[in-house]
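Heads up: numbering here begins at 1 and tracks the sequence.
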Amino acid sequence: MQMMLGVWLPSAGQLLIGAVFIVSLAAVILTAVFAKWGSYWLQAYMSGADMNMKSLIVMGLLRIEHRLIVTAKVMARQAGLRIDREGGMNTARLLAHHLAGGDVMLVVRAIIAAQHAGIDLDFDRAAAIDLAGRDVLLAVQTSVSPRVISCPPQDGEGKNSISAVAKNGVELLVGARVTVRTNLNQLIGGATEETITARVGQGIVSAIGSANSHMDVLEMPAQISKGAMAHGLDANTAFSIVSIDIADIEVGENIGARLQTDQANADTRIARAQAEVRRANAVAQEQQMKAKVREAQAEFVLAEAQVPAALADAFRAGQLRAKPTRVAQGKHRSGLEHPMATERRSNSQGAGDGIRPSASRFPIVRDEHQ
């Protein structure tokens, strides 16, 4: 048994060699680890940033740039921000924001700038603004130093002024400058500069449109700014409007006079068209009356043409014989002279006296039966 144990148990020299090998391997590993991440750990340690070797190894495995995270924590520590592991800007939160696609350095710089300016901005809100696609550092800078927006935008593509018309119909061309400050509380989900520009333009048009005359606006351009500011143009936007200043104002054309002229021309054309319709109707009616006159004349001519034929038929039928009156019939019965003989005698006497005998009152009709 002792011989067997003596065979399997290593000797003191072998144990020493094994111990030396293990220590050497550990030393090599530690040397390699320290050579790769030791400088970052030493930098964090010397700066007072809370950074352990485990976090550095994890960053190496995740292929995250060590210098970025270490520099961010060192900047936060030197600026006096909370970097503790309980609720501060710890390494895990920085790694999570970086892996989500955020800009860690930009967020840290924005928080430092907000702290120096006395603006309440924590890491969670700054990270949310950054992940939303907004420039959080520019937002903080704009909160500290307001920026000026041209209305309308001077991009060279659209109009260079806002056109508005007063109540008297005169057009005014206005250019404005809007001073805004970023509202960090509404930066997430708030409207952008385009909305501010559109609302300011709408407010300027409303303010000028409510003026009785363009001279009132020219005398006091400040009433445009007051009228525009009174409508709460920065509601639900990422900015707070500090002021609206009128940079340029010009008098355009008289829109009211032009509209009245166009309306008068339109009324004139309508009246001419209606008069032309009435004239055409009158001409048509005149032609109808002339046609009716021609028709009546034709009917009259036809009637006149029928008279000779009717007379001829009457002559043939013996229907034109004159009937004696009752007085003449009585005298004839009493032996008096017939009125026809008396009339012939008077006619013959008148002819002897130089008077032309008149035509017989009753034509002599010969009876075809005699």
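In K167, the NZ atom is crowded: over 12 heavy atoms of neighbouring residues, nucleotides or ligands sit closer than 6.0 Å. Taking a 6.0 Å sphere around CZ of R77, one finds it holds 12 or fewer heavy atoms contributed by other residues, nucleotides or ligands. Atom CD of Q202 sits in a sparse spot, with 12 or fewer heavy atoms from other residues, nucleotides or ligands closer than 6.0 Å.
Residues H97 and R93 fail the side-chain proximity criterion, which asks for heavy atoms closer than 4.5 Å. Contact annotation: the side chain of V178 never approaches that of T197 to less than 4.5 Å [non-hydrogen atoms, C-beta and beyond]. For the pair V144 and I119, the minimum side-chain heavy-atom distance is below 4.5 Å. Counting only heavy atoms from C-beta outward, the side chains of L173 and S163 approach each other to under 4.5 Å. Using a 4.5 Å heavy-atom cutoff, the side chains of R109 and V136 are not in contact. At a threshold of 4.5 Å between non-hydrogen side-chain atoms, the residues I244 and L233 count as touching. Put simply, the side chain of L94 does not reach to within 4.5 Å of the side chain of H98, judged on heavy atoms. Side-chain contact between I188 and R134 is absent, with no heavy atoms from C-beta onward closer than 4.5 Å.
Atoms CD and CG, from Q297 and L302 in turn, are 12.0 Å apart once rounded to the nearest 0.5 Å. Separating the SG atom in C151 from the CZ atom in R177 is a distance of 9.5 Å, to the nearest 0.5 Å. Interatomic distance, NE2 of H214 versus CD of E219, reported as 10.0 Å (0.5 Å rounding). Here CD of Q115 is found 9.5 Å from CD1 of I111. Values are rounded to the nearest 0.5 Å. Expressed to the nearest 0.5 Å, how far CD1 of I270 lies from CZ of R272 amounts to 12.5 Å.
The two residues F239 and D234 make their nearest non-hydrogen contact at O-CB, 3.4 Å. For S243 against D245, the heavy-atom pair with the smallest separation is OG-OD2, 3.5 Å. Taking both residues in full, the closest heavy atoms of N183 and S240 are given as CB-OG, 3.8 Å, listed atom of the first, atom of the second, then distance. The nearest pair of heavy atoms linking L131 to G101 is CD2-C, 4.2 Å. Between K73 and T91, the shortest heavy-atom contact is NZ-OG1, 3.0 Å. Shortest non-hydrogen contact noted between I162 and V205 is CG2-CG2, 3.8 Å.
Cluster annotation: V277 is not connected to V283 through the hydrophobic network of ILVMFWY side chains, with a link wherever side-chain heavy atoms come within less than 4.5 Å. Taken together through direct or relayed side-chain contacts under 4.5 Å among Ile, Leu, Val, Met, Phe, Trp and Tyr, M220 and L172 form parts of separate hydrophobic clusters. Under the 4.5 Å side-chain heavy-atom criterion for Ile, Leu, Val, Met, Phe, Trp and Tyr, L218 and I224 are members of the same hydrophobic cluster. When hydrophobic clusters are built by joining Ile, Leu, Val, Met, Phe, Trp and Tyr residues whose side-chain heavy atoms come closer than 4.5 Å, directly or via intermediates, L68 is grouped together with L81. Hydrophobic clustering (ILVMFWY, side-chain heavy atoms < 4.5 Å, transitive): V180 and V148 are in distinct clusters.
Side-chain contact annotation: S213 with N168, donor-acceptor N/O pair under 3.5 Å present. Q285 and N281 share no side-chain donor-acceptor pair at under 3.5 Å.
Looking at D130, its side chain does come within 3.5 Å of a backbone N or O of D103 through a donor-acceptor pair. When atom types are taken as modelled, the side chain of R181 and the backbone of S143 share a donor-acceptor pair closer than 3.5 angstrom. A donor-acceptor pair is defined here as one N or O able to donate and one able to accept, closer than 3.5 Å; no such pair exists between the side chain of S145 and the backbone of T142. For the pair Q223 (side chain) and D216 (backbone), a donor-acceptor distance under 3.5 Å is present.
Electrostatic pairing of K292 and E295 does not count as a salt bridge here, judged by no charged N lying under 4.0 Å from a carboxylate O. Using a 4.0 Å cut-off between charged side-chain N and carboxylate O, E286 and K290 make a salt bridge.
With sequence neighbours excluded, the residues that form a side-chain hydrogen bond (donor to acceptor under 3.5 Å, both in side chains) with R147 are E193.
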Audit row: N185, R125, side-chain contact (heavy atoms from CB on, under 4.5 Å) steps and yes/no: CA-CA 9 Å; N185 296 326; R125 196 197 311 177; 3.2 Å; yes

